[in-house]
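Taking it in order: structure first as structure tokens, then the write-up.
Here the structure is a predicted model, which means the values were calculated and not measured. Numbers restart at 1 for each chain; the letters A, B, ... are given by sequence-line order, proteins then strands.
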Amino acid sequence: MPEASVSSNFIRDAVRADLADGRFTKVITRFPPEPNGYLHIGHAKAICIDFGIAQEFGGTCNLRFDDTNPSKEEQEYIDAIQENVRWLGFDWGARLYFASDYFDQMYRWAIQLIKAGKAYVDDQTAEQIRIKRGTLTEPGTPSPYRNRSIEENLSLFERMQAGDLPDGSRVLRAKIDMASPNLNMRDPVMYRIMAVPHHRTGDIWKIYPMYDWAHGLEDSIEEISHSLCSLEFEDHRPLYDWFLDELGIHHPRQIEFARLELNYTIMSKRKLLQMVEIKKVSGWDDPRLPTLAGLRRRGFTPESIRDFCERIGVAKANSMVDYALLEHCLREDLNKRVPRSMAVLRQLKVVLTNYPEGQVEELDADINPENLSSGKRKVPFSRELWIEQDDFREDPPKKFFRLAPGREVRLKYAYYITCNEVVKNPQTGEITELHCTYDPATRGGWSQDGRKVKGTSHWISTAHCCPAEFRLYDRLFTIPNPDEGNGFLSNLNPDSLQKISGYIEAGLSNAPAGNQCQFERQGYFCADPDSRPGAMVFNRSVSLKDSWAKIEGN
RNA sequence: UGGGGCGUCGUCAAGCGGUAAGACACAGGUCUUUGGAACCUGUAUUCGGAGGUUCGAAUCCUCCCGCCCCAGCCA
């Protein structure tokens, strides 16, 4: 129970109040993505809120694709979104809906509004409509077509859908108030002519509904109680309410909350798409991306993401959450459940001069010291080992507890070793290997005489390990808010991906993609789908906290 | 200079007239066969500012300041 005391939030309060005073008797929410891109962690927040509120109040949540603009939507996105929501851990049961399934009903309702004198066909161009809309401080001016007869509107609207009017030549508009201080109420467009085949309805429709017109109807048809959306739709709520009131149909309550912003990354679908298209990243599932597909490939767990969404809360203030919180949630989740292993990323050879040639010992190592019931594994030990370059310093600085000439450290689960000689390449001066001696009396990594060693290194037997590629990720952008300066593309971090070759325990040489582990003292990793037997690829999901790096950095 | 929102610790965020939760981050410390984890301690006399109401205000009122959103036939 990580969250003993879950804070309230204004949405919970509102829903509770609506149930208490009878405004609604059951809670039905919906997650309404447009299938024009992949889901990202910002959507995860919305999903957790939409499904979470429903669960909390014993209601249901629909998955509904808001597919009202076929020019931008694709089946690939529909499939990916469903997979991502399911992966995140939410179930919409049989309640998979599509706005496009409601096009007929919407059309009939449009005719109802026309007949009520509340909607009209406008012949003005997009440009003219824009100009006549007025400005923030000046009212708009009515279209010359605003007072057409109902009969003419009806016939024109039918012709729009019949396909004998060119794209963009006419729109259907709601007749509300061209002088409204809320621009959304200045006769908003309800339908545009777009002779584009739809991924689900084919070429039946020549006109497609606009968001403002469609969304409330979709909610109403599904008898949604609470339509939860992000802040920028607050201005649209009067219009949402207007359509529903004019039609006299079921009227959900729209409540807006602040979107999630995460520092050092970008959340705009448009910008994510752009990075995918110009190949700044390998695809929608590039592990550096905040997409759910990317986070998944990177090694984030659904549990950690849900925990994150719970911790960030829900409010109406625009805010930017620290990426460190997301990382914290992942570490906390993985620490308890993931097996440990040893891997050397940047190898330095150690030769134990007093260890018998050809001898191999099978040493016991904990699979997960946080959960001893997970048992032990055997790790082969021999005369030649790899250790991490960072675990040796020829000239150790203060507070450096690791190996150095004349020093003794522990090889985890193995023996204490002492460094006696540093072997260098005579040409370059580069350290090629270390000659050390081991203390046979310290088998397992502890000594009977109570002698203490400050440092513990991980290691791997050169003869028993397997080569592997490690992909180390850093933040995708160099500054907290990538939109600052000359645009997000100018703030890309050139070092966001580093590929290095090292060694892993043989037991991991056939790990399936997605397999997660902690490489001791390094971080949490997961096998990438690019892996092949004998040529494993591991993504570093998140490093372990490194207080030595912090000491040394300052 | 129109309308709609928002301003509580470095970052999120509770608080709903009774005297500032929690989390992350940060800083110390204990412990440790991961310089990990765990555990302890510290960190807003103050809630954008100024007035006012009240025995009492982050919470109510007034004015001011700052930030975000809206002029797509996108969602």
Nucleotide N/O to protein N/O under 3.5 Å, stretch nucleotides 36-38 of chain B:
residue, atom, partner, partner atom, Å
B/G36, OP1, A/S547, OG, 3.3
B/G36, N2, A/E370, OE2, 2.6
B/A37, O2', A/N335, ND2, 2.9
B/A37, O2', A/E370, OE1, 3.3

Q) Who passes side-chain hydrogen bond (donor to acceptor under 3.5 Å, both in side chains) against A/R30, sequence neighbours left out? A) A/H215, A/S227
Q: For A/E484 and B/C68, give me the distance from atom CD to atom P, rounded to whole Å.
A: 11 Å
Q | All ring-ring contact (aromatic ring centres under 6.0 Å, His included) counterparts of A/W548, not counting sequence neighbours | A | A/F400
Q | A/D122: side-chain hydrogen bond (donor to acceptor under 3.5 Å, both in side chains) partners, not counting sequence neighbours | A | A/Q124, A/S143, A/R173
Q: List for me each residue that meets side-chain hydrogen bond (donor to acceptor under 3.5 Å, both in side chains) alongside A/D241, sequence neighbours excluded, and say none if there are none.
A: A/H251
(Q) Run A/D219 and A/Y240 through side-chain hydrogen bond (donor to acceptor under 3.5 Å, both in side chains) and show every step you take. (A) CA-CA 10 Å; A/D219 286 345; A/Y240 180 98; 2.7 Å; yes
Q | With sequence neighbours excluded, residues passing salt bridge (Lys or Arg N to Asp or Glu O under 4.0 Å) with A/R407 | A | none
Q: State which residues pass salt bridge (Lys or Arg N to Asp or Glu O under 4.0 Å) with A/R337; sequence neighbours excluded, sorted by chain then number.
A: A/E303, A/D333
(Q) Suppose we screen for side-chain hydrogen bond (donor to acceptor under 3.5 Å, both in side chains). Which residues come up paired with A/E327, at least two apart in sequence or across chains? (A) none
Q. Listed in order of residue number, which residues of residues 31-45 of chain A have a non-hydrogen atom at under 4.0 Å from RNA chain B?
A. A/E34
Q | Mutual orientation of the aromatic rings belonging to A/W386 and A/Y503 [parallel < 30°, tilted 30-60°, perpendicular > 60°] | A | parallel
Q: Please state how far atom CG in A/N182 lies from atom P in B/G3, giving the value in whole angstrom units.
A: 11 Å
Q) Could you write nucleotides 39-44 of chain B as a row of B, S and -, 5' to 3', where a protein heavy atom under 4.0 Å of any base atom gives B, of only sugar-phosphate atoms gives S, and otherwise -? A) ------
Q.
Can you list, in residue-number order, the parts of residues 206-220 of chain A that come under 4.0 Å of RNA chain B, counting heavy atoms only?
A. A/P209, A/M210, A/Y211
Q: Determine whether the side chains of A/E520 and A/H458 contain a donor N or O and an acceptor N or O closer than 3.5 Å.
A: no
Q. Which residues satisfy the salt bridge (Lys or Arg N to Asp or Glu O under 4.0 Å) test with A/D21, sequence neighbours excluded?
A. none
Q: Give none if B/A23 has no partner; otherwise give the nucleotide forming a Watson-Crick or G-U wobble pair with it, both distances under 3.5 Å.
A: B/U11
